[in-house]
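First listed ligand is number 1; within each ligand, the first listed atom is number 1.
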Amino acid sequence: MKIKEVEIRTIELPLVRPFRTSFGTQLERPLLLMKITTHEGAEGWAECVAMEAPLYSPEYMAGSQDVIERFLLPAIFEYGDIRPEEVAGALRPFLGHQMAKATIETAILDAQLKLDGISFGSYLGANKEEIDCGVSVGIANSIEALVEEVSQYVSDGYRRIKLKIEPGWDLEPVSVIRGLWPEIPLQVDANQAYTRNDIALLKKLDPFNLLLIEQPLDEHDVLGHAMLAAEVETPICLDESITSFEAARDALAMKATTVINIKPGRVGGYLESVRIHDLCVENGIPVWCGGMLETGIGRAANVALAALPGFTLPGDTSASSRFFTRDITNPFVMEEGRLRVPTGPGIGVDIDHDFIEEITTSRKMITAP
Ligand code: OSB
Ligand code: MG
């Protein structure tokens with residue numbers, strides 16, 4: 001496939017409610033969208049999951065755009081005729097920037113699959129038509145507000161609740177929510193907010209029958225997670241630390257994680273995600289699909305990935321309405337706590353061009369030389 005031109009837009013979507021985590025509060029979702037057009041007449045779309053500021057990972061929107069324009073796209077143009085499976089290799093000389101790399105690979109994959117008439121799900125190896133949905137619940141202003149928000153999600157049908165925690169917002173919210181919903185699958189996510197000195201505190205979460213504790217310690221403290229995992233009963237699940245297949249392999253070898261959150265942007269794309277999935281299946285490690293407040297474009301591809309056989313836990317694959325009143329594609333609507341895996345070619349969603357135009361904050365066209 002030969003790329004003719006690339007459109008890079010920044011858009012800003014309002015959120016239905018503020019989303020607070022241990023690393024900050026988001027009031028809207030600004031993000032980077034990429035559309036590629038190829039000489040064969042195909043179009044491919046992808047969104048870059050980097051956030052505006054480097055608070056979750058070192059990557060950030062303007063940085064991703066810069067590395068895409070300055071280094072990654074020129075390397076792809078120079079490569080010439082390219083297959084999606086060749087993108088990661090072509091970009092390997094440039095270190096890091098997995099989210100930026102994933103954007104390019106996903107857009108090329110979408111274009112190629114549209115030409116071939118194959119859906120993302122079939123290409124990746126999905127064996128389900130629909131997937132179970134979980135929801136990530138931000139840190140609330142009060143316990144009452146949290147209970148109200150969780151009640152809403154439970155009545156919407158979500159099959160798993162994930163509470164964001166941080167020091168000072170952990171044991172109490174967990175015990176209240178577990179007390180009100182004794183049976184619901186429940187897990188917590190600290191986004192690196194604790195240290196090795198908090199092992200005794202995190203052990204106090206054991207009685208609440210949580211599915212897992214997600215990324216309690218610093219992303220680089222893989223050994224600390226192994227030490228913690230040896231002390232607590234609740235399974236430890238890494239998110240931020242898993243930036244590649246190799247990182248997943250080593251974290252498993254160290255027994256730092258017994259469940260893995262696969263986020264395609266964080267690991268450099270969907271193909272790397274499948275490699276990590278396969279590794280986990282071989283090792284009997286359950287995986288689930290994380291989220292980055294994606295629009296319908298990223299969500300579509302995530303839902304397809306989550307339909308692979310090793311994804312045995314509900315992911316942060318929520319309905320569009322969890323974050324947005326209006327999505328930039330036909331919305332993902334949950335039925336009985338499940339989302340249908342798109343079956344059309346490529347990511348298989350319809351783009352709402354008018355709405356994208358309305359919320360565009362910048363637009364740039366890059367033509368292949
Ligand atoms: O740690 O899983 C995370 C959102 C932004 C950055 C990091 C995380 C999250 C979420 C929301 O928890 C997941 C979603 O998109 O539903
Ligand atoms: Mg997380």
Side-chain angles (χ1 to χ4, degrees), residues 13 15-31 47-61 64 98-99 102 131-140 149-150 153 156 158-166 169 186-194 210-219 225 235-243 247 251 257 259-267 273 287-303 305-306 313-324 327 331-332 334 337 339:
L13 267 172
L15 293 179
V16 291
R17 57 162 63 85
F19 185 62
R20 181 173 155 203
T21 63
S22 62
F23 61 80
T25 305
Q26 271 191 277
L27 303 173
E28 59 272 311
R29 178 47 159 139
L31 65 101
E47 77 182 80
C48 179
V49 298
M51 316 202 95
E52 195 168 31
L55 298 172
Y56 161 79
S57 82
E59 296 187 80
Y60 63 101
M61 256 176 88
S64 301
Q98 291 88 339
M99 294 173 179
I131 53 135
D132 289 346
C133 301
V135 61
S136 177
V137 186
I139 294 167
E149 192 179 340
V150 172
Y153 296 138
D156 290 345
Y158 282 102
R159 289 170 179 267
R160 185 224 69 195
I161 303 291
K162 159 168 142 183
L163 302 180
K164 289 291 193 179
I165 59 166
E166 67 181 3
W169 182 265
L186 184 65
Q187 64 192 52
V188 293
D189 185 2
N191 290 109
Q192 318 181 51
Y194 296 86
L210 301 179
L211 286 169
L212 56 91
I213 303 173
E214 186 178 343
Q215 196 73 43
L217 313 181
D218 186 87
E219 65 168 326
H225 284 97
I236 301 299
C237 171
L238 291 178
D239 172 357
E240 285 91 324
S241 300
I242 307 298
T243 52
T257 190
V259 182
I260 289 184
N261 165 344
I262 299 184
K263 271 187 196 169
R266 194 192 63 226
V267 303
S273 298
V287 300
W288 56 281
C289 183
M292 291 289 291
L293 285 70
E294 282 91 348
T295 71
I297 291 176
R299 197 166 297 279
N302 283 354
V303 167
L305 179 71
L313 291 170
D316 286 341
T317 41
S318 308
S320 297
S321 61
R322 158 67 185 90
F323 291 112
F324 314 118
D327 207 332
F332 279 85
M334 201 168 57
L339 288 180

Legend entry - Apex the Mg ion (ligand 2) - arms OD2 from D189 and OE2 from E214 - angle rounded to 10°: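 Result: 90°, to 10°.
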Inset, instruction - With the Mg ion (ligand 2) as the reference point, give the N/O/S atom of D239 that is nearest. - result: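 Of all N, O or S atoms in D239, the Mg ion (ligand 2) lies closest to OD2.
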Inset, instruction - Check step by step if salt bridge (Lys or Arg N to Asp or Glu O under 4.0 Å) holds for E149 and R17. - result: CA-CA 10 Å; E149 192 179 340; R17 57 162 63 85; 3.7 Å; yes
Legend entry - Residue part near ligand 1, for R322, under 4.0 Å between non-hydrogen atoms: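 It is neither; nothing of R322 touches ligand 1.
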Inset, instruction - Specify side chain, backbone, both or neither for Q215, according to which of its non-hydrogen atoms lie closer than 4.0 Å to ligand 1. - result: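 For Q215, there is no contact with ligand 1 at all, from either part.
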Is there a nitrogen or oxygen of [X] sitting under 3.5 Å from a nitrogen or oxygen of ligand 1?
X	answer
N191	yes
K263	yes
D239	yes

My understanding is that we take every heavy atom of each candidate and find the minimum distance to [atom]. Doing that for [options], which one comes out nearest?
atom	options	result
atom 14 (C) of ligand 1	F23, F19, Y56, F323	F323
atom 9 (C) of ligand 1	G291, S136, S57	G291
atom 5 (C) of ligand 1	D189, L293, D316	L293

With no hydrogens and no angle check, is any side-chain donor or acceptor of [X] less than 3.5 Å from a backbone partner on [Y]?
X	Y	result
E59	M99	yes
D327	T295	no
Y194	E166	yes
Q192	E219	yes
S136	D316	no

Inset, instruction - Enter the distance from I236:CD1 to I260:CD1 here, rounded to the nearest 0.5 Å. - result: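 Nearest 0.5 Å value for the CD1-CD1 distance: 13.0 Å.
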Legend entry - Crowding at CZ, F23 (>12 non-hydrogen neighbours, <6.0 Å):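 Buried by this count: over 12 neighbours within 6.0 Å.
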Inset, instruction - Could you establish whether Q26 and ligand 1 come within less than 4.0 Å of each other, counting only heavy atoms on the residue side? - result: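 Distance cut 4.0 Å: Q26 fails for ligand 1.
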Inset, instruction - For E214 and ligand 1, answer yes if some heavy atom of the residue is under 4.0 Å from a ligand atom, otherwise no. - result: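 Yes, E214 has a heavy atom closer than 4.0 Å to ligand 1.
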Inset, instruction - Just need the protein heavy atom nearest to atom 6 (C) of ligand 1, so name the residue and atom and give the distance. - result: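 Of the protein heavy atoms, M292 SD, 3.5 Å lies nearest.
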Inset, instruction - Heavy-atom contacts with K162 under 4.0 Å: which atoms of ligand 1 show up? List them by number with element. - result: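 It comes down to these atoms of ligand 1: 2 (O), 3 (C), 12 (O).
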Legend entry - Axial cation check for W288 ring with R160, 6.0 Å and 45° limits: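 Because its charged atom sits under 6.0 Å from the ring centre and within 45° of the axis, R160 does stack over W288.
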